Amino acid sequence: MVNEYLKKIKHFRILVMGRANAGKTTILQRVCNSMDKPAIFDGQGNKVWTSECIQRGYHDIQHELVFRSNPGFVFHDSCRFEADSAQEFDQMRNFVTEHAVTMRVNERIHAIWFCIPMTDCHRTVTAGEQKFFKECDTQHVPVIVLVTKGDAMYVEAIQELEDEGLEIKEVPEIVVAKKEGELRDKCLGHVKHELDRCKFPPKGYVSLQRMHQQDADCTSLMECTANVLNEEGLQRLLISTQQSSIGICIKYAVDK
């Protein structure tokens, strides 16, 4: 039964959400082991002229973003959701509702990655983001919050150590790294506190940092996504599609 179902699914489809400059495209590049921008297609498989759209970060949520390095993933971008427009919110919610239950199995979304950057630590969760988790029922499609740009905590770590009276030039890097980790954990804890109280809370959380580096590790993101999927067949599809970690393939094979 599972095998027959999987035979009909050609791609693992993910809706990516979040503010502008949350690092969404960079994360997708790391997941797909690519330095290139994605090609963009309409729902009929026709390539859309992309230069201006990609540069400005505006995409039609119906458009499919595909990387040549890994065409097994298909991404959708909820463009300009951060504008907190009622029209754009309704458009996004309609898309989720339709693509969560459509009988056309190749058009179903399998997961939602919701990106929240640590760069705005004083407004970690905006009103628009809370609105999504309060009002948008994604049904069986799991939402994973990606707390991005964790390396922004490095500057704050330095500032806090200086406030404690330490001379930074004399502080071992391991001490700075520990402080940085503490600040990331604090920020992630705040995000969890805010969103877990909502009517439709996320199914998982992942903290990501240094995604701008070509060798950045996406294993935690893949593991979290696989763990919250409600079908073993989809878990297998995700694991076989991802190329960022051989280790997770081995681990999943052993565990199963």
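Keep in mind that what you see is a predicted model, and the values were worked out from it rather than measured.
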*Asks:* Atom CG of residue position N21 - does it have more than 12 heavy atoms of other residues, nucleotides or ligands inside 6.0 Å?
*Replies:*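 Counting other residues, nucleotides and ligands, CG of N21 stays at 12 neighbours or fewer.
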
*Asks:* Measure across F67 and Q29 and return the closest heavy-atom pair with its distance rounded to 0.1 Å.
*Replies:*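 Smallest heavy-atom distance, with atoms named: CE2-CG, 3.7 Å.
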
*Asks:* Going by heavy atoms in the side chains, are F95 and S78 under 4.5 Å from each other?
*Replies:*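 Heavy-atom side-chain distance check fails, nothing below 4.5 Å.
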
*Asks:* Taking atom CG of N33 and atom CD of Q242, what is their separation to the nearest 0.5 Å?
*Replies:*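 Reported to 0.5 Å precision, the distance equals 9.0 Å.
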
*Asks:* Does any N or O in the side chain of E64 come within less than 3.5 Å of the main-chain N or O of F41, such that one atom is a donor and the other an acceptor?
*Replies:*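 Side chain of E64 to backbone of F41, a donor-acceptor pair under 3.5 Å: no, none is there.
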
*Asks:* Quick check: does any side chain N or O of H76 sit under 3.5 Å from a backbone N or O of H63, one acting as donor and the other as acceptor?
*Replies:*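 Such a contact is found between H76 side chain and H63 backbone.
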
*Asks:* Just list the side-chain donor-acceptor pairs under 3.5 Å for residues 175-182, sequence neighbours left out, or say none.
*Replies:*
unit_1	atom_1	unit_2	atom_2	d
K179	NZ	E164	OE2	3.1
E180	OE2	R184	NH1	3.2
E180	OE2	R210	NH2	3.3

*Asks:* Just to verify, what does E107 make a side chain to side chain contact (heavy atoms under 4.5 Å, CB included) with, not counting sequence neighbours?
*Replies:*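 Residues passing side chain to side chain contact (heavy atoms under 4.5 Å, CB included) with E107: H99, T102, R104.
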
*Asks:* Taking atom CD1 of I109 and atom CZ of F75, what is their separation to the nearest 0.5 Å?
*Replies:*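 Going from CD1 on I109 over to CZ on F75, the span is 13.0 Å.
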
*Asks:* Under the 3.5 angstrom rule, does the side chain of N227 hit a backbone N or O of E223 as a donor-acceptor pair?
*Replies:*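 Looks like yes, one N/O pair under 3.5 Å.
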
*Asks:* I'd like to know if the side chain of N106 and the backbone of K10 have a donor-acceptor N/O pair within less than 3.5 Å.
*Replies:*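 Side chain of N106 to backbone of K10, a donor-acceptor pair under 3.5 Å: yes, one is there.
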
*Asks:* For Q130 versus C198, what's the shortest heavy-atom pair and its separation?
*Replies:*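 Answer, listing the atom of Q130 first, then C198: O-SG, 4.3 Å.
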
*Asks:* If you round to the nearest 0.5 Å, how far is CG of D77 from OG1 of T25?
*Replies:*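 Going from the OG1 atom of T25 to the CG atom of D77 covers 6.5 Å.
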
*Asks:* For K186, which residues count as a side chain to side chain contact (heavy atoms under 4.5 Å, CB included) partner, sequence neighbours excluded?
*Replies:*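 In terms of side chain to side chain contact (heavy atoms under 4.5 Å, CB included), with neighbours along the sequence ignored, K186 is linked to no residue.
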
*Asks:* If I take atom CD1 from residue I112 and atom CE from residue M17, how far apart are they, to the nearest 0.5 angstrom?
*Replies:*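 One gets 6.5 Å once the value is rounded to the nearest 0.5 Å.
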
*Asks:* Can you pull out every salt bridge (charged side-chain N to carboxylate O under 4.0 Å, His left out) where at least one residue sits in residues 139-149? Sequence neighbours excluded, please.
*Replies:*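 Checked against salt bridge (charged side-chain N to carboxylate O under 4.0 Å, His left out) - neighbours excluded - no pair reaches residues 139-149.
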
*Asks:* Does some side-chain heavy atom of L15 sit less than 4.5 Å from a side-chain heavy atom of V141?
*Replies:*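 Side-chain contact under 4.5 Å: no.
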
*Asks:* Which pair of heavy atoms, one from L208 and one from M211, lies closest together, and at what distance?
*Replies:*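 Closest approach of L208 to M211: CB-CG, 4.2 Å.
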
*Asks:* Looking at T241, is its backbone amide N or carbonyl O close enough to the side chain of N70 to form a donor-acceptor pair, meaning the two atoms are under 3.5 Å apart?
*Replies:*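 Looks like yes, one N/O pair under 3.5 Å.
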
*Asks:* For the OG atom of S207 and the CG atom of L221, what is their distance to the nearest 0.5 Å?
*Replies:*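 Answer for the OG-CG pair, S207 versus L221, is 11.5 Å.
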
*Asks:* Between W113 and L28, does a side-chain contact (heavy atoms from CB on, under 4.5 Å) hold up when you go through it step by step?
*Replies:* CA-CA 10 Å; W113 289 347; L28 302 188; 3.9 Å; yes

*Asks:* Grouping I, L, V, M, F, W and Y whenever their side-chain heavy atoms are under 4.5 Å apart, do I61 and V66 come out in a common cluster?
*Replies:*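 No, because I61 and V66 fall into different hydrophobic clusters, even though each may have its own neighbours under 4.5 Å.
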
*Asks:* What about L234 and L238, same hydrophobic cluster or not, with Ile/Leu/Val/Met/Phe/Trp/Tyr joined at side-chain heavy-atom distances under 4.5 Å?
*Replies:*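 Looking at the clustering, L238 is in the same group as L234.
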
*Asks:* Let me see the working for V143 and F132 under side-chain contact (heavy atoms from CB on, under 4.5 Å), right down to the final yes or no.
*Replies:* CA-CA 11 Å; V143 181; F132 172 82; 4.3 Å; yes

*Asks:* Evaluate side-chain contact (heavy atoms from CB on, under 4.5 Å) for K134 paired with K131, printing each intermediate quantity in order.
*Replies:* CA-CA 5 Å; K134 289 178 179 179; K131 180 178 180 180; 5.7 Å; no

*Asks:* So which pairs with a foot in residues 195-205 pass salt bridge (charged side-chain N to carboxylate O under 4.0 Å, His left out), sequence neighbours left out?
*Replies:*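 Applying salt bridge (charged side-chain N to carboxylate O under 4.0 Å, His left out) to every pair that reaches into residues 195-205, excluding sequence neighbours, yields E194-R197.
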
*Asks:* Check whether T26 reaches the backbone of H212 with its side chain - one donor and one acceptor, N or O, closer than 3.5 Å.
*Replies:*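 Checked: no pair found.
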
*Asks:* Please determine whether residues L237 and V74 belong to a single hydrophobic cluster, defined as Ile, Leu, Val, Met, Phe, Trp and Tyr linked transitively by side-chain heavy-atom distances below 4.5 Å.
*Replies:*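 Different clusters: L237 never reaches V74 through Ile, Leu, Val, Met, Phe, Trp or Tyr contacts under 4.5 Å.
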
*Asks:* Looking only at non-hydrogen atoms, find the nearest pair between E129 and R19 and report the distance.
*Replies:*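 Heavy-atom minimum between the residues: OE2-NE, 2.6 Å.
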
*Asks:* For the atom pair NZ (K192) and SG (C187), what is the distance rounded to the nearest 0.5 Å?
*Replies:*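 Here the interatomic distance stands at 12.0 Å.
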
*Asks:* Any side-chain heavy atom of P142 within less than 4.5 Å of one from N230?
*Replies:*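 No, side chains not in contact.
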
*Asks:* Do H11 side-chain atoms and P71 backbone N/O form a donor-acceptor pair below 3.5 Å?
*Replies:*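 Yes, because the side chain of H11 sits within donor-acceptor range (under 3.5 Å) of the backbone of P71.
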
*Asks:* Can you name the nearest heavy-atom pair linking L146 to I144, along with the distance?
*Replies:*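 Heavy atoms of L146 and I144 come nearest at CD1-O, 3.4 Å.
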
*Asks:* Give the intermediate values and the outcome of side-chain contact (heavy atoms from CB on, under 4.5 Å) for residues V31 and I27.
*Replies:* CA-CA 6 Å; V31 167; I27 291 169; 4.3 Å; yes

*Asks:* Give me each pair satisfying side-chain hydrogen bond (donor to acceptor under 3.5 Å, both in side chains) with a member in residues 138-147, each pair once, sequence neighbours excluded.
*Replies:*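 Listed once each, the pairs would be none.
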
*Asks:* State plainly whether one hydrophobic cluster holds both F200 and V101, where clusters connect Ile, Leu, Val, Met, Phe, Trp and Tyr through side-chain heavy atoms under 4.5 angstrom apart.
*Replies:*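 No, it is not one cluster - the side chains of F200 and V101 are not joined through contacts under 4.5 Å.
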
*Asks:* Do T148 side-chain atoms and A22 backbone N/O form a donor-acceptor pair below 3.5 Å?
*Replies:*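 Between the backbone of A22 and the side chain of T148 there is a qualifying donor-acceptor contact (under 3.5 Å).
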
*Asks:* Between M222 and F73, what is the shortest heavy-atom contact and its length?
*Replies:*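 Distance-wise, the nearest heavy atoms are SD-CZ, 4.5 Å.
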
